[in-house]
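Let me begin by presenting the structure, written as structure tokens, before commenting on it.
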Amino acid sequence: MPKDIYLQPDAPDDVLDDELILSLTRRHVPDAQTVTLIDESGGEARTYFVDEHIVVKTQRPNRLRPRTSLSKEVFFLEQIAERAPELSVPRVLGYGREEPFVEYTVMTRMSGVALRHVRLSAEQRNAVMRELGWTLRRIHQLPLAPFVASGMLPADQTSADVRRRFAEWFDEIVVRIHDQQRAWSLSLTPEQASARALALLPAELDRVALHSNPYHEHTFVDPDTGTYSGLIDFGDAYISHPTFDLRRWRTRAEREALRAGYTATQPVTDAFARTWLVAQVLGDMAAIAGTLALAEQASADLKHLLAEF
């Protein structure tokens, strides 16, 4: 899997002044009045909030990389608006460029806050996961042909590409487990667990347009009610197996709730179920390599999963 390379790391990365942001916004929302907040997350885009309910995203020139694209996000959101308007995602109000370095999108602001900033009960969190799972299934049901024809989304073309992507992730996690000397209580070594999981991957290839990272920084909830609000940030989208949009969640309860939402209206194939098992092994090993607080439970879950093989 290619590593991120920033194409113009020495380009100026100035915070744009309010007048320029308002000028860009008024091309699409003529009555825009005030820049109310600037979000400095340090990512590939900088976000300006206008009149509380409008978001202006600008590509940070020094963080420009091949897999991230505002125009790709605009295309994805427009596909959703046309084919799945019931989904809660930002709505594009405008897109453009202002030379020499400004690429921007004007869109509606998602209500609520990112899940990472909210404390929820287990019941509330599982309900959010079910709603997110349903949303991802609906996204994955979008016709693939327009995404392929656009040429904007990187794509895995074969089942070998999917296997290679899994294998590279497993290799990275195994190295982290060893380098960080994480406790490992299974009879199989990390290398053997990875190999056993990879052997389960089916030959069939199921491809969809993926969000890429629908994790807790991009899943929004209402902070007062703890209910699901929507999903943001489609700029890293690519085409591959649908389980790659479900793999990041680290606890078994979250993953089971996510799958319950994903299969609420339509079952999945046996090939999907096998790939889902592999993605869960990857998630448990990533939890062991990553968060100490989750490692013990992840080890127990991993033993259970490997026994299913």
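Hydrogens, waters and symmetry mates are skipped; everything else that's a heavy atom, side chains included, is used. Sequential numbering from 1 along the given sequence is applied to the chain's residues.
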Looking only at atom types and distance, does a side-chain atom of [X] sit under 3.5 Å from a main-chain N or O of [Y], one as donor and one as acceptor?
X	Y	result
Lys57	Leu70	no
Arg182	Ala289	yes
Asp222	Thr227	no
Thr34	Thr36	no
His211	Asp245	no

field: Same cluster (ILVMFWY, side-chain, under 4.5 Å), Leu20 and Met107
entry: no
Name every donor-acceptor pair, under 3.5 Å, that has one atom in a side chain of residues 124-133 and the other anywhere in the protein, sequence neighbours excluded.
unit_1	atom_1	unit_2	atom_2	d
Gln124	OE1	Ser121	N	3.0
Gln124	OE1	Ser121	OG	3.4
Gln124	NE2	Thr225	O	3.3
Arg125	NE	Glu254	OE2	2.3
Arg125	NH2	Glu254	OE2	3.1
Asn126	ND2	Ala122	O	3.4

Which side-chain N or O atoms in residues 267-278 pair as donor and acceptor under 3.5 Å with protein atoms at least two apart or in another chain?
unit_1	atom_1	unit_2	atom_2	d
Thr269	OG1	Phe272	N	3.0
Arg274	NE	Leu200	O	3.1
Arg274	NH2	Leu200	O	2.9
Thr275	OG1	Ala271	O	2.9

- request: Answer yes or no: is there a side-chain heavy-atom contact under 4.5 Å between Val50 and Ile21?
  value: yes
message: Quick check on Arg163: does its CZ atom have over 12 non-hydrogen neighbours (other residues, nucleotides or ligands) under 6.0 Å away?
response: yes
message: Surrounding CD of Glu296 (heavy atoms of other residues, nucleotides or ligands, distance under 6.0 Å), is the total greater than 12?
response: no
message: Could you tell me if Arg207 and Gln157 have a donor-acceptor pair between their side chains, going purely by distance under 3.5 Å?
response: yes
task: Check the pair Arg164 / Asp156 against salt bridge (charged side-chain N to carboxylate O under 4.0 Å, His left out), numbers first and verdict last.
output: CA-CA 10 Å; Arg164 188 177 305 111; Asp156 288 331; over 6 Å; no
field: Whether Phe75 and Phe147 hold their rings parallel, tilted or perpendicular, with breakpoints at 30° and 60°
entry: perpendicular
statement: Result for salt bridge (Lys or Arg N to Asp or Glu O under 4.0 Å) between Asp284 and one of Arg255, Lys303, Arg252 points to Arg255
